[in-house]
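Just the heavy atoms: all of them, side chains too, but no hydrogens, waters or symmetry mates, feed the values below. Both ligands and their constituent atoms are indexed starting at 1 by order of listing.
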Amino acid sequence: MFTKVLIANRGEIALRVIRACRELGVATVAVYSEADRESLHVRFADDDVCIGPAPARLSYLRIPALIAAAEITGADAIHPGYGFLAENAEFAETCAASAVTFIGPTADQIRKMGDKVSARTLAAEAGIPVVPGSKGAVEDPAEARRVAEGIGFPVLIKAAAGGGGKGMRVALDAESFSRAFQLARNEALAAFGNAEVYIEKYLARPRHVEIQIMGDQHGRVMHLGERDCSVQRRHQKLIEESPSPAVDQALRDRMGDDAVRLADRIGYVGAGTVEFLLDEDGSYYFMEMNTRIQVEHPVTEMVTNFDLVKEQIRVAAGEPLQFEIKGGRVRGHAIECRVNAEDPYRNFQPSPGTITTYHPPGGPGVRVDTHIYAGYTVPPYYDSLLAKVIVHGNTREEALARMHQALDSFIIEGVTTTIPFLRRVIEHPDFVAGQVDTKFLERNPDLFKAE
Ligand code: MV4
């Protein structure tokens, strides 16, 4: 096992990783920007290093500063958390070259999945359903148009270097295709320095269902069931749950087997997520693979009783996966709401500032992952996640009732939060019925209007 882990992150996930290290008896190093001096991750870690000014590119994204911090403090491993450098192959490579273990997959595995065309090809080769579309990247506009006509409109043009919704364009018909194709390539080049795009049939109302997987260095890969993340706004997930109201055991087995097969094919090590689109008719298609621990990992932890972060550290240290979930079955139901410092009635405008009052919810089956406290100032430089409220119940109904209670009794004053909005969403009849898809919030603009 490692002796000391440096956490190359901030906020709630830095605290989450520190907890896992504590349980494993591993010492921790926090790194922080000048804006995060008063943060709890700095206080809770055994050691801490200031790595630069507030903007992330000058601190949390500075690879040489992070490697130097690890060397100075004697850390033998780095946990990247999510965001920042978590899916940066160059960072994983630099760690390896510096004799510091990157807690995550290899640089090669990150690259293979980071390129969405290569990921799609790997999935298709593994016999996993992919959305009907182009064989690989398409460059020539005339050929692209022929491909799109072959698929049938509407189609979606996606950037090979994109992911998470960045660099996508819908083309509704052949007439608008050429323009959309050109725009998509230009946007991809501007955003990612790579103009490569591919084309898929556009699914109108899919659900977002993702499978959590975990691989070790001994050739074993397992899955831990699915999360339904259909409640999103502009590609930001707001609510996640497990199991998905739309997935039965037979479908879980099929999606789980597919996810494991894909990971197996590249000898995947660490925690990963295979994202699928689940269509209205029950067919599902591979979308992309995330090679990191995700924000919503706690819902899986609640229904499997499996500590994903601890396991990430254990497998990075070479230990075999220990855990077995019987027949891939999960226990009860978990829901997560992301609480942000944003004003939902002003287009989710960030609302940084000082928290004056703080009282978290509690009781049976309630978990709050957060870094905030009364007197904490939410800086304007980073994402506005304040807390994740995760509830577990024996049934979805019980979990929902607990989420109601939890949101009602969560007191955060001093900054505007999304709590009242989340309350409204979980009361919506379609959400209560589990009838949501990725267009759910768009269809319900009233949810964004102040009373
Ligand atoms: C799609 C799609 C419909 N059809 N692909 C959005 C994020 C990126 N990973 C891919 N995304 C989508 N791909 C096809 N062929 C719809 C989306 C999509 C979406 C997917 C999951 C969750 C929310 C979404 C919101 C809008 C669009």
Task: Protein residue, atom and distance nearest to atom 10 (C) of ligand 1, heavy-atom basis - done: Met287 SD, 3.4 Å

- [ ] Report the nearest protein non-hydrogen atom to atom 8 (C) of ligand 1: residue, atom name, distance rounded to 0.1 Å.
- [x] Gly165 N, 3.5 Å

Task: Minimum-distance protein heavy atom relative to atom 17 (C) of ligand 1 - done: Met168 CE, 4.3 Å

Open item on the list: Suppose we call two aromatic rings close when their centres sit under 6.0 Å apart. Are Phe276 and His208 close by that rule?
Closed with: no

Open item on the list: Testing the 3.5 Å rule here: is there a donor-acceptor pair between the side chains of Arg227 and Thr300?
Closed with: yes

Open item on the list: Between ligand 1 and Gln232, is the shortest N or O to N or O distance under 3.5 Å?
Closed with: no

TODO: Within a distance under 4.0 Å of any heavy atom of His208, pick out the atoms of ligand 1 and give their elements.
DONE: 21 (C), 22 (C)

Task: Sub-4.0 Å atoms of ligand 1 with respect to non-hydrogen atoms of Tyr202 - done: 3 (C), 4 (N)

Task: Per-atom contacts of ligand 1 with Glu288, taking only distances under 4.0 Å to non-hydrogen atoms - done: 8 (C), 9 (N)

TODO: Anything under 30° is parallel, anything over 60° is perpendicular, the rest tilted; go ahead and classify Phe448 against Phe348.
DONE: perpendicular

TODO: Assert yes or no for the condition that the ring centre distance of Tyr82 to His297 is strictly below 6.0 Å.
DONE: no

Open item on the list: So that I can tick it off, tell me whether Arg111 and Glu93 are bridged by a salt bridge, with the cut-off set at under 4.0 angstrom between side-chain N and carboxylate O.
Closed with: yes

Task: Aromatic centroids of Tyr60 and Tyr32 separated by under 6.0 Å - done: no

Open item on the list: My understanding is that we take every heavy atom of each candidate and find the minimum distance to atom 2 (C) of ligand 1. Doing that for Leu156, Asp279, Ile151, which one comes out nearest?
Closed with: Leu156

Open item on the list: Regarding atom 6 (C) of ligand 1: of the candidates Glu200, Lys158, His235, Arg205, which has the closest heavy atom?
Closed with: His235

TODO: Please name all residues satisfying side-chain contact (heavy atoms from CB on, under 4.5 Å) with Glu397, sequence neighbours left out, ordered by chain then number.
DONE: Thr395

Task: atom 3 (C) of ligand 1: the protein heavy-atom neighbour that sits closest, reported with distance to 0.1 Å - done: Leu203 O, 3.4 Å

Task: Taking atom 15 (N) of ligand 1 as the reference point, the nearest protein heavy atom with its distance - done: Lys201 O, 2.7 Å

- [ ] Identify whether the distance between the nearest side-chain nitrogen and carboxylate oxygen of Arg169 and Glu187 falls below 4.0 Å.
- [x] yes

